[in-house]
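First the structure, in the form of structure tokens, and then the observations on it.
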Amino acid sequence: MLEARNLRKTFGELRATDDVSLQFGTTDGEMVFIVGPNGAGKTTLVNLLTGLLTPDQGSVVVHQDDGDGSTVEREITGLAPEKRVDAGLVRSFQIVHVFEEMTVRENLRVAVLSERGETLNVLSFDDGHDGVERTVDDLLAQFRLEDVADEVADTLPHGDRKLLDVAMSFGLEPTYLLLDEPTAGVATREKEYVIETIAEASDADDVTTVTIEHDMDIVKSYADRLVVLHEGRVFREGDPSLLETDGELRRVLLGVDE
Amino acid sequence: MFESLPYHALNGVYYGFILFMIAAGLTIVFGVLGVLNLAHGELYAFGAFVAFSIVGYLTGLVAEPTGPVTALIFGAVVLVGSLAAAAVLLPVGATLEAAFVRPIYDRDDVYQLLLTYALLLILTDVMKFVWGAKPLDVGVYDGLNAIPTTELFGIDYPTYNVVVVAVGLVVFGWLVWFFDRTKTGRIVRATAIDREMATAIGVSTDRIFTLVFAMGAFFAGFGGAMVSIGPGSAYLEMGLSPLVLSFVVIVIGGLGSLRGALVGALLVGVTTQVVTPYYSELELAVPFVLMVVVLLVRPEGLYGTWGEIE
Amino acid sequence: MSDPLLEVSNLTATVAGFEVTHGIDLEVGEGEAVALVGRNGAGKTSTFRSIMGLTPIAGGSIRFDGEELTDLRSELIPKRGIGYQPEGRDLFTGMTVEENFRLPIWTAGDARGIDDEDAVVEDVFDLFTELENRRDAEVQNLSGGQGKMTAIGRALALQPDLLILDEPLEGLAPVVVENLKSYIREIIDRDISVLVAESNASHVPEIVDRMYVIERGEIVDSGDPDDLVQDEEIQLLMQGGGT
Amino acid sequence: MTGRPSSSNDTGGIERRDALKLVGGSTLAVALAGCTALIGDESDDSTEDADVPDEPIEAGLQTFTEGAPAVLGLQAQYGAETAVRRINDDGGVAGREIDLDVVNEGDEHIQNYRQFVDEGKDVTFGPISSGGHEAMVPEIEDRGVVNVATDGTVTTLYEESFPDATYSFRFQNHDVMEALAAVNQAVEVLGADSIDTYAGINPNYAFGQDEMALFSSGIEKLTGAEEVYSGFPELGADDMSAHVTEVNGTEPDVVFSSCWGGDATLLLEQAHANGMFDSTDLLVGPVLYGSANDLSADLVDGPIYSGSRNFYWDEPGTDRWTPAADLVSEVQSEYDVVPTAHFMSGYGAVTAWATAAEKAVDVLGRWPEQDEIAAILEGHGFFTPAGYHTIGADHQGYSNAHFGELAWSDEYDAAILENVSVFAPKDVSPPPGTVSGDWIDAW
Amino acid sequence: MSRARLSAENLPTSVRVVLVVLGLGVLLAVPDLARVTPLSFATIHKGLLFGLAAVGLNLLLRHTELVSFGHVAFFGTGAYGAAVLATYYEVSSGLVLLAGAVLAATAVALVVGYLVAGHLDIYFALLTLAFNQVLFAFVVQSSFFNSTDGLSVRVGVDRPSLLGLDQLLVSAGLDPVQAYNYVLYYLTVAILVVVVLVTWKLVNSPFGRALDAIGQDRTRARFIGIPVERYVWIAFTISGIYGGIAGGLFALLQLHVRPEPVLFAFVSGEILFMAILGGVGTLVGPIVGGVILVYLLDLARFYVTYYHALTGIVLLAVVYFLPEGILGSLPALGAAIERRRRDPGLVRNDVETVVTSVRRSVRRAVTTVRILVFGVN
């Protein structure tokens with residue numbers, strides 16, 4: 001379980017995250033969706049959880065299985081992002097972050113090599129690991145990137161770059177996957193597929209996903225749990241059916257007066 | 001042992017202002033254009049050589065100073081000559097920018113470095129062609145010092161140093177005024193902050209870049225002229241060490257920051273001059289140690305914000 | 001109807017060699033307020049940037065006031081009378097609100113025939129009354145709403161014939177949104193043509209006369225905002241559901 | 001050691017009669033001295049029958065041709081060119097003309113020498129840089145093409161580092177000579193009893209540090225004076241006011257400075273501007289006169305004495321030493337400068353080699369191999385307009401040292417030296433085979 | 001920063017094999033080529049050594065996309081490492097001297113690398129420059145390093161021994177100096193080949209890919225679990241080691257080490273320019289760049305008066321006409337020539353392009369003057 005405890009982050013006068021406490025992965029393979037209007041503090045929260053930002057206050061904790069059935073708390077508030085990856089915490093970005101001059105295959109390969117702890121290896125060739133290549137092939141298939149596997153990332157259409165970004169995250173075999181708008185900019189027909197893939201993978205590997213999403217249809221269909229942020233605070237937390245039932249929530253979220 | 005300390009500090013202030021004048025141009029160009037101009041030191045040397053010709057010609061027209069009044073006239077002529085020398089750098093800078101630098105703004109940084117290095121080499125030989133290979137000294141230093149200044153206060157501080165400090169302050173003041181108060185200055189700042197948005201309100205960034213590069217060249221040249229009318233002389237490789245020291249100054253002060261350049265220059269100047277007499281062996285290392293310390297403690301420099309002139 | 005003020009036809013824009021809009025057609029008439037509505041990433045900003053000459057154009061044409069803009073150097077476009085508020089704010093940080101208003105007059109005032117600089121600036125402050133006492137504040141210290149107003153004000157200071165607003169309401173608190181909407185309506189009342197991008201369709205009917213819907217770089221629909229906002233399919237699209 | 005300098009009215013340290021014996025009747029020596037009249041028209045034909053190739057001698061000179069050190073380097077080039085011109089005008093070395101290639105030494109001394117050798121040079125000259133010369137010596141020994149250094153006056157070079165050199169020579173005296181001449185000059189001007197304190201401002205590299213160390217040991221030996229300040233501005237400094245200020249603060253009786261080129265002018269300018277001559281009685285500088293053409297009248301005003309190494313153009317007086325008679329006017333019309341000691345560095349280096357080569361042809365009856373010229377250069381004596389020089393068995397030059405008071409001459413539009421003292425080699429440099437430090441300690 | 005993908009790697013394998021064989025052949029034939037042509041053997045040798053250092057620098061430049069302005073620090077440390085061993089410890093074995101060079105450079109690179117690894121862009125560049133100059137100032141001031149005069153790399157006057165191979169050649173009748181230089185040259189070539197192979201292996205290994213990742217997107221690299229600073233540190237150290245090897249060999253070549261040529265920061269700039277000149281995106285481009293720039297810097301002065309300008313013009317030409325550096329632009333150049341051979345009409349277009357750009361330049365210059373005379377806007 002991944003836990004945020006009383007997180008607070010301010011930028012100048014702006015309280016981007018204000019006393020946020022949340023738990024993710026309370027059930028195995030849980031899919032949590034974070035929604036909220038622009039500026040609600042969604043991305044800041046993900047940045048705090050993954051170590052891109054350090055909170056002014058509060059802590060980030062993971063609960064880990066210590067092997068004999070009981071769990072131990074491990075505080076990771078000050079841990080560098082790359083160390084959090086070791087703790088199973090992985091993210092993708094709203095603005096695509098991929099290795100622009102590498103091919104799709106190479107991008108995925110780096111991620112998988114990193115996951116396998118091979119990046120310090122200088123004795124083999126980067127493409128010389130059968131196991132890695134099989135995983136990469138699987139990822140390519142899973143994210144429908146086979147056709148563009150040997151294209152250089154910065155020549156790809158936006159949707160494919162987005163898919164690649166998410167695929168890399170999956171290549172890291174995360175326990176907790178934080179996805180910042182994985183479907184933004186993805187072609188509509190592929191949107192379903194991306195989120196379906198995430199859901200399947202989440203199910204299959206018991207990955208807890210925390211996803212920022214604007215598309216309420218997706219949220220409704222896939223969320224196990226919904227977190228609504230508004231002005232830096234947790235505005236609502238609970239079942240996705242809130243989206244249908246909570247008028248105030250609909251107003252905040254959709255800007256729709258009903 | 002330390003009774004001379006105030007004098008060393010004063011010497012440091014003078015030296016700092018010299019550094020400031022050179023670094024100011026570099027930091028403006030870097031702040032607005034994002035180009036680290038390795039040829040900046042050659043523009044400085046260019047100014048020194050031009051000053052040799054122009055100031056030499058002008059002072060040839062007036063008599064050597066004999067009393068306070070003629071000394072003042074002499075000083076004024078030298079200053080006007082220095083300004084004229086720096087003004088020669090305006091078209092030089094503008095041409096360099098328009099002809100050579102402009103085509104490669106969208107290229108990788110390293111090619112800009114290589115290009116300005118090539119310009120450095122070519123400028124060196126242009127100077128060699130025009131002024132010859134030997135150092136040249138315009139020889140007005142003594143005449144300048146004939147103007148009584150600090151003697152009035154009982155301090156033995158060469159008038160030239162006073163002039164440099166005063167001119168340095170004027171340069172700083174003018175630059176602050178230019179960037180804070182004039183329309184063009186604020187347009188330049190706007191361009192530095194956001195090139196695209198500047199275009200979207202009608203700024204011709206091409207022209208601004210040309211102007212800024214010309215300005216950078218002007219101040220480099222003015223710094224060179226000030227050195228050349230001082231105790232030093234104009235020589236071909238004179239630009240190397242000031243170039244490297246200017247990097248140090250603008251990094252310490254914060255890239256693109258004018259105030260930073262002034263503070264950085266004074267810091268480097270005073271520290272060097274105070275340390276030198278007691279630990280000669282540190283003279284070369286002081287500025288760099290200072291820079292390492294500042295960068296490790298404050299990676300952004302003392303003032304700086306990237307790409308903004310303030 | 002006379003010729004439209006702005007006429008974009010068959011516009012294809014590229015970013016890093018990749019097409020981001022495909023054959024966009026849109027028009028803004030003299031004194032008309034038009035919205036371009038679409039989700040994040042649908043191509044609104046790219047279209048606007050193409051008009052401003054900031055994003056390279058692979059094909060098509062942009063005519064403004066009878067003149068072809070596509071061959072024009074980008075800094076001349078504001079001088080022809082197009083004010084632009086970019087997505088985000090892109091204000092000139094380190095400078096005051098007033099300086100941000102004056103800058104466009106200094107650069108393009110002559111071209112726009114502005115004689116009395118101060119009068120124009122005061123005019124903008126008269127519109128955005130709540131900026132009046134923030135006149136000398138440096139723009140990075142403004143609140144979100146004030147920042148947007150400054151960005152719009154800066155575009156207005158050009159005395160433009162056409163004002164392009166890219167998501168002026170985005171990321172603002174509801175109260176501020178209402179406030180800003182009324183300002184925009186006031187601008188429209190001054191007979192300035194407005195082209196505004198929105199990702200939230202619900203605001204649109206209150207502001208504009210006509211709207212285009214953009215999706216994946218193409219205009220998919222256009223018409224009366226009140227009708228379109230009620231349209232099931234458009235709603236679905238805006239919420240990001242499948243077609 | 002008496003410390004008693006010989007004055008300019010003496011014969012200049014080396015007896016003329018001994019010198020003339022060594023000329024050996026070679027026309028070349030006379031040509032180089034610039035005065036064919038010296039031995040009338042009694043020409044010596046011995047080299048004409050010798051088995052000597054027709055093609056010209058390819059020679060290379062590396063020297064500083066541009067930038068700050070060009071103040072010295074170009075003088076060396078002018079000197080070498082003048083010597084070559086005179087030799088060629090007089091029929092060359094055993095009938096062979098000299099082709100001189102000049103290249104900027106920069107920081108690439110070894111590389112330059114190698115390139116010269118690869119180009120097939122018969123002999124190379126230069127460099128100015130002392131560090132560069134030190135680096136070159138083993139390379140010269142390896143390649144075996146004789147190099148006569150124009151300058152490069154590191155004291156320890158031939159004393160300690162390369163006592164057994166074969167092909168590498170240096171025309172200039174080692175820097176111990178200049179530092180000790182400065183010591184002697186200071187004592188002569190102020191008197192040993194009046195010198196209680198001294199200070200130094202010297203360029204911050206090996207040469208400056210060595211000179212200061214030598215001056216210190218010398219002056220302390222002779223006067224028991226105490227060092228009150230020693231500063232080392234970096235070479236090519238922008239500013240020396242810190243050091244001048246310290247001198248002002250400590251008020252030494254004598255200031256010693258081995259600054260040269262732009263550093264020398266900078267020092268003098270800042271010394272005047274900061275009133276240093278109110279705080280000290282005397283400035284002695286062994287190479288200040290190297291900047292003779294770059295000084296102005298007001299800069300040489302004051303108690304400033306400068307060395308001029310082994311050549312000052314008015315010494316021996318042209319009335320008594322005709323070979324020097326036309327030199328200044330020739331140099332002025334050709335190069336628009338007055339010659340300085342570094343002119344003689346170039347002139348002398350070329351002359352040393354050319355006279356040795358000619359002597360070798362005389363002896364051998366054919367063109368000599370490199371090692372044969374090298375062997376003759378050891379202990380070789382020859383004339384230049386500066387008088388008589390020898391290359392010691394230790395491969396370094398020995399000649400009289402000159403020191404005088406800086407003054408201004410409107411006639412030459414350059415600085416001149418007045419009251420020139422001439423110090424014989426034996427008074428200011430250790431005998432070959434002795435280490436300078438040990439020698440001074442033994443005073 | 002974004003760099004175009006390596007064009008040289010798009011060459012067909014057969015072409016590459018031919019090029020490699022050709023390159024090796026030329027390398028091996030240099031001593032003979034120098035004998036029959038006016039080419040300078042020693043300068044080419046020196047150029048190869050600086051090129052070797054540039055290969056190291058390029059490891060950072062190309063893969064982690066960090067610009068180092070202080071690379072000669074390691075070259076110099078290596079050179080001085082060897083010189084100190086020879087001067088003070090009378091080590092005469094060339095291999096031991098080389099080992100000392102590498103050790104010294106490694107130590108310095110470890111320290112400097114640790115301190116600069118977290119910095120980016122110009123801050124990285126100028127920090128490396130600062131450390132370089134501090135080191136230079138230290139050596140220049142230190143009597144242990146014999147300040148500006150530097151240290152000899154000989155024991156007495158004897159050259160170091162090179163595995164006895166030089167002696168072997170001498171006993172075969174070769175001049176000792178020539179024997180030494182030949183053996184050293186082929187040792188250099190051998191080391192160069194090994195280093196290039198090692199680099200090739202390195203950049204194509206998982207570690208190399210991780211470095212690419214760091215260069216292309218630091219944030220992403222961090223978030224796939226790569227400890228960015230540590231890897232930059234390692235890469236920096238490796239690059240320093242290359243510098244050390246090159247410096248050590250340089251010490252063996254020059255046999256005397258002085259601070260200005262091997263430690264002054266401007267030489268760092270030159271090494272950087274060698275890499276760019278030869279082609280940042282290529283493995284051996286920096287070596288080509290090294291030979292060419294060293295040749296220009298050292299020997300142009302022998303042939304022309306305005307040798308700085310000559311060098312400058314060559315560099316300008318490369319910037320404008322060979323945008324990927326000499327080696328990096330070869331494929332594109334070859335393709336362009338090939339196209340023109342098939343369609344000579346293209347040449348007319350080229351001429352037109354040149355004419356247009358000249359005309360544009362003139363117009364720009366006129367505008368420039370107008371700006372100066374009438375002010376902006």
Side-chain angles (χ1 to χ4, degrees), chain B residues 1-12 14-15 18-19 45 64 124-125 127-128 132-146 151 156-161 227 230-238 240-242 245 269 272-278 280-281 283-284, chain D residues 64-75 77 104 106 201-202 204 208-209 228-250 261-263 265-276 278-279 291 293-299 301 337:
Chain B
M1 181 180 181
F2 293 106
E3 58 272 17
S4 305
L5 211 53
Y7 278 101
H8 292 313
L10 272 180
N11 291 333
Y14 140 74
Y15 186 53
I18 293 271
L19 282 181
E64 283 280 310
T124 304
D125 272 359
M127 290 185 285
K128 187 160 94 182
K134 273 204 296 184
L136 297 172
D137 187 6
V138 63
V140 296
Y141 181 65
D142 205 56
L144 272 184
N145 287 328
E151 291 92 275
D156 227 350
Y157 192 52
T159 301
Y160 166 76
N161 294 17
V227 166
S233 31
Y235 57 98
L236 287 179
E237 67 276 44
M238 70 185 289
L240 289 192
S241 149
L245 281 182
T272 312
Q273 292 288 308
V274 167
V275 167
T276 298
Y278 306 114
S280 268
E281 57 274 20
E283 183 175 3
L284 274 176
Chain D
F64 290 113
T65 58
E66 63 182 54
V71 173
L72 309 185
L74 286 178
Q75 283 274 348
Q77 180 183 344
N104 186 18
I201 300 178
N202 292 277
N204 197 5
Q209 287 148 2
V228 287
Y229 177 70
S230 174
F232 292 96
E234 63 174 293
L235 186 63
D238 309 319
D239 186 74
M240 293 189 191
S241 47
H243 305 286
V244 173
T245 301
E246 277 299 306
V247 167
N248 288 345
T250 51
D263 286 348
T265 28
L266 181 70
L267 173 72
L268 291 182
E269 299 225 26
Q270 294 202 315
H272 280 286
N274 291 279
M276 188 178 95
D278 300 336
S279 310
S291 311
N293 294 289
D294 302 295
L295 298 175
S296 56
D298 35 82
L299 284 188
D301 187 27
V337 292

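Chain letters run A, B, ... following the sequence lines, proteins first and then strands; every chain starts at 1. All values below were derived from every heavy atom in this structure, side-chain atoms included, with hydrogens, water molecules and symmetry-related copies excluded.
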Discussion item. Walk me through whether V337(D) and K134(B) qualify under side chain to side chain contact (heavy atoms under 4.5 Å, CB included).
Written reply: CA-CA 12 Å; V337(D) 292; K134(B) 273 204 296 184; 3.7 Å; yes
Just so I know, are the side chains of [X] and [Y] near enough to count as touching, which here means a heavy-atom distance under 4.5 Å?
X	Y	answer
H272(D)	Y141(B)	no
D137(B)	E269(D)	yes
D294(D)	S233(B)	no
D239(D)	Y14(B)	yes

Practice prompt. Pick one of side chain, backbone, both or neither for E283(B), based on which atoms fall under 4.5 Å of a heavy atom in chain D.
Written response: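 For E283(B), the contact with chain D is made by the side chain alone.
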Worksheet entry | Part of S241(B) lying under 4.5 Å from any heavy atom of chain D |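 Just its side chain gets close to chain D.
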Discussion item. Given heavy-atom pairs under 4.5 angstrom as the criterion, report whether the side chain, backbone, both or neither of Y229(D) touches chain B.
Written reply: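 Only the side chain of Y229(D) comes within 4.5 Å of chain B.
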Item to complete: Please state whether the side chain, the backbone, both or neither of V228(D) comes within less than 4.5 Å of a heavy atom of chain B.
Response: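 When you check distances to chain B, no heavy atom of V228(D) falls under 4.5 Å.
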Item to complete: Assess the side chains of D142(B) and S296(D): does a donor N or O sit below 3.5 Å from an acceptor N or O?
Response: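 Not at all, the side chains of D142(B) and S296(D) share no donor-acceptor pair under 3.5 Å.
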Discussion item. Suppose we screen for side-chain contact (heavy atoms from CB on, under 4.5 Å). Which residues come up paired with L136(B), at least two apart in sequence or across chains?
Written reply: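 Partners of L136(B) under the side-chain contact (heavy atoms from CB on, under 4.5 Å) test: F49(B), F52(B), W131(B).
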Mind checking the [atom1]-[atom2] spacing from [X] to [Y]? Nearest 0.5 Å is all I need.
X	Y	atom1	atom2	answer
N204(D)	L284(B)	CG	CG	7.0 Å
S241(D)	Y160(B)	OG	OH	10.5 Å
N161(B)	Q270(D)	CG	CD	7.5 Å
Q273(B)	H243(D)	CD	NE2	7.5 Å

Considering all heavy atoms of both residues, which atom of [X] and which atom of [Y] are nearest to each other, and what is their separation?
X	Y	answer
G67(D)	P135(B)	O-CD, 3.4 Å
A133(B)	A70(D)	O-CB, 4.0 Å
P69(D)	E237(B)	CD-OE2, 3.4 Å

Worksheet item: Looking at residues at least two apart in the chain, or sitting in another chain, which of them share a salt bridge (Lys or Arg N to Asp or Glu O under 4.0 Å) with E66(D)?
Response: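 For E66(D) the salt bridge (Lys or Arg N to Asp or Glu O under 4.0 Å) partners, ignoring immediate neighbours, are K128(B).
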Worksheet item: Quick one: which of L266(D), D238(D), N274(D) gives a side chain to side chain contact (heavy atoms under 4.5 Å, CB included) with P231(B)?
Response: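 The side chain to side chain contact (heavy atoms under 4.5 Å, CB included) with P231(B) is passed solely by L266(D) among L266(D), D238(D), N274(D).
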